[in-house]
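Encoded as structure tokens, the structure appears first; notes follow it.
Order of the sequence lines fixes the chain letters, A, B, ..., with proteins taken first and strands second; residue numbering starts at 1 for each chain.
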Amino acid sequence: MSVYALIDCNSFYCSCERLFRPELNGRPVVVLSNNDGCVIARSREAKALGIGMGVPYFQNRAFLRQHNVAVFSSNYELYADVSNRVMRTIQGMVPDLEVYSIDECWADLTGMPGDLDALGREIQARVRRWVGIPVGVGISTTKTLAKLAQWAGKTWRATGGVVDLTDALRQGRLLPLAPVGDVWGVGRKLTTRLQGLGITTAQDLARADLRIVRKEFSRVLERTARELRGEQWMRLHEAPPLKKEIISSRMFGHRVYRLEALREAMATYVTRAAEKLREQGSLCSTLLVSVQTGQHEPEERRYYRSLGIQLAHPTDDTRILVQAALAGLDPIYREGYAYSKCAVVLGSIVQTDEFTPDLFAPAGQGRPSELMQLVDRINARYGRAALHVGRMPADPGWQMRRELLSRGYTTRWGELPKVG
DNA sequence: TCTGGGGTCCTAGGACCC
DNA sequence: TCTGGGGTCCTAGGACCC
């Protein structure tokens, strides 16, 4: 029998902000999305105030001030660094680990001797002591059940955030109490449709007729239902698979009207995407560029258009990619719209040894660019964008807003905390 | 009335996750 | 004034093939 654990950091971004600001313990804390757009992380105290996930910041600013809520722009450099520390700590305590997201990981505990509940509490205590971040642990025989165990740990505080759900009897008690919408893989749309069929709890889904689930919904949901029954359909992925597409997009800090500004932004995003491409040692041969106005504009002022571009040879060269993206931008730009965002998606991603090179390709094309490797090394040493294409401005007017950014406590020499 | 069946590949779009 | 970003998987449907 397999045993999986899901370890999840509580209100991760808020916990990171508190790490070097202990006076914030007990005080409600929220963290905003890019551009200070909406609330994406809430401490327990903030949730208790009724602040919803994803609510727009500008509509709630007064309420937040009134309740003395500490508000932060997202500081991804800090969160990524703290996340690495958490993962390394857990890695030393379990046989196999899959980093699932910035604040969650799976562990394979199959065959671990001793009390699993006690192991869960040990992990929790060590991460708290070594890194300072509170975590919850859910343990069971499938990933979907482990996820549900972790949900139970959050929902019933008496558990202390650790729930061992390997026992069939305990599963039988929990499943009828769990709303189907809290099952991993069941989102809003599916919840509504399932409820229409009288399937309202995890137990209902586990007991549903699998043929009907497959026919009316999908194989994906069938797999979820089977996992709730204890059939193991998902395994651990220790080495993260290479990305099949790489997206770079961002809302602008202010609306943008001119083609020239869009070109700057596009060049910046393509540069970032190409860096990610090279980080995984891949080449790409298609791009999709898009521009759009705000979703909340009146109908007649909304505009969205995208264009796919096929390259002659797979490449990882920022210069070629930027040139192609800018050529694609021109025909989809229309004057007179208030643009809020542009994006690039790199696709048809391959490894160098995965395709047949073109005998007639110009020298240097169709393989990793040595020049780009040099640029990456220089930028790693002297700071991102020390060397960059001329189209990328140093201080763009459209840059995202981060007015409430905390310090780079662990990632910038000049911003280290001072003691004494 | 009624028009083959089955396979592959590609793309667009939907749904989900964090 | 102001509403996130990055990713995966699956499905349906069209084109094409034998």
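Contacts of A/Y13 classified as ring-ring contact (aromatic ring centres under 6.0 Å, His included), with partners at least two apart in sequence or in another chain: A/Y76, A/Y79. For A/T155, the side chain to side chain contact (heavy atoms under 4.5 Å, CB included) test picks out A/W151, with sequence neighbours left out. With sequence neighbours excluded, no residue forms a side chain to side chain donor-acceptor pair (under 3.5 Å) with A/R223.
Remark: the separation of the C1' atoms in C/dC16 and B/dG4 is 16 Å, to the nearest Å.
Nucleic acid contact for A/D103: sugar-phosphate only, since backbone atoms but no base atoms lie under 4.0 Å from a heavy atom of the residue.
In DNA chain B, stems built from 3 or more consecutive Watson-Crick or G-U wobble pairs, each with both distances under 3.5 Å, span B:5-18 with C:5-18.
Whole-Å rounding puts the A/R402 CZ to C/dG5 P distance at 12 Å. Regarding A/D8, its CG atom lies at a distance of 9 Å from the P atom of B/dC18, rounded to whole Å.
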Quiz prompt | Protein-to-nucleotide contact annotation, 5' to 3' order, nucleotides 6-13 of chain B [B base; S sugar-phosphate only; - none; under 4.0 Å, heavy atom] | solution = --------
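Within residues 189-203 of chain A, the residues having any heavy atom under 4.0 Å from DNA chain B are, by residue number, A/K189, A/L190. For the segment residues 175-186 of chain A, residues with any heavy atom less than 4.0 angstrom from an atom of DNA chain B are, sorted by number, A/V183, A/W184, A/G185, A/V186. Using a 4.0 Å cutoff on non-hydrogen atoms, the parts of residues 56-83 of chain A near DNA chain C are A/P56, A/F58, A/Q59, A/R61, ordered by number.
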For a quick test of your reading: what N or O donor-acceptor pairs under 3.5 Å do the side chains of residues 180-192 of chain A make, sequence neighbours left out?
unit_1: A/T191; atom_1: OG1; unit_2: A/G187; atom_2: O; d: 2.5
unit_1: A/T192; atom_1: OG1; unit_2: A/R188; atom_2: O; d: 3.0

Name every donor-acceptor pair, under 3.5 Å, that has one atom in a side chain of residues 236-246 of chain A and the other anywhere in the protein, sequence neighbours excluded.
none

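Pairs passing the side-chain hydrogen bond (donor to acceptor under 3.5 Å, both in side chains) check and including a residue from residues 196-207 of chain A, sequence neighbours excluded, read A/T200-A/D204, A/T201-A/D204, A/Q203-A/R207. Applying the side-chain hydrogen bond (donor to acceptor under 3.5 Å, both in side chains) rule to pairs touching residues 57-72 of chain A yields A/R27-A/N68, sequence neighbours excluded.
When each of C/dC2, C/dG5, B/dC18 is scored by its nearest atom to the side-chain atoms of A/E104, the top-ranked nucleotide is B/dC18.
Note on A/R229 versus A/E222: no salt bridge recorded, every NZ/NE/NH1/NH2 to OD/OE distance being 4.0 Å or above.
Between A/Y303 and A/Y339, the ring planes lie perpendicular to each other; the angle is over 60°, past the 30° to 60° tilted range.
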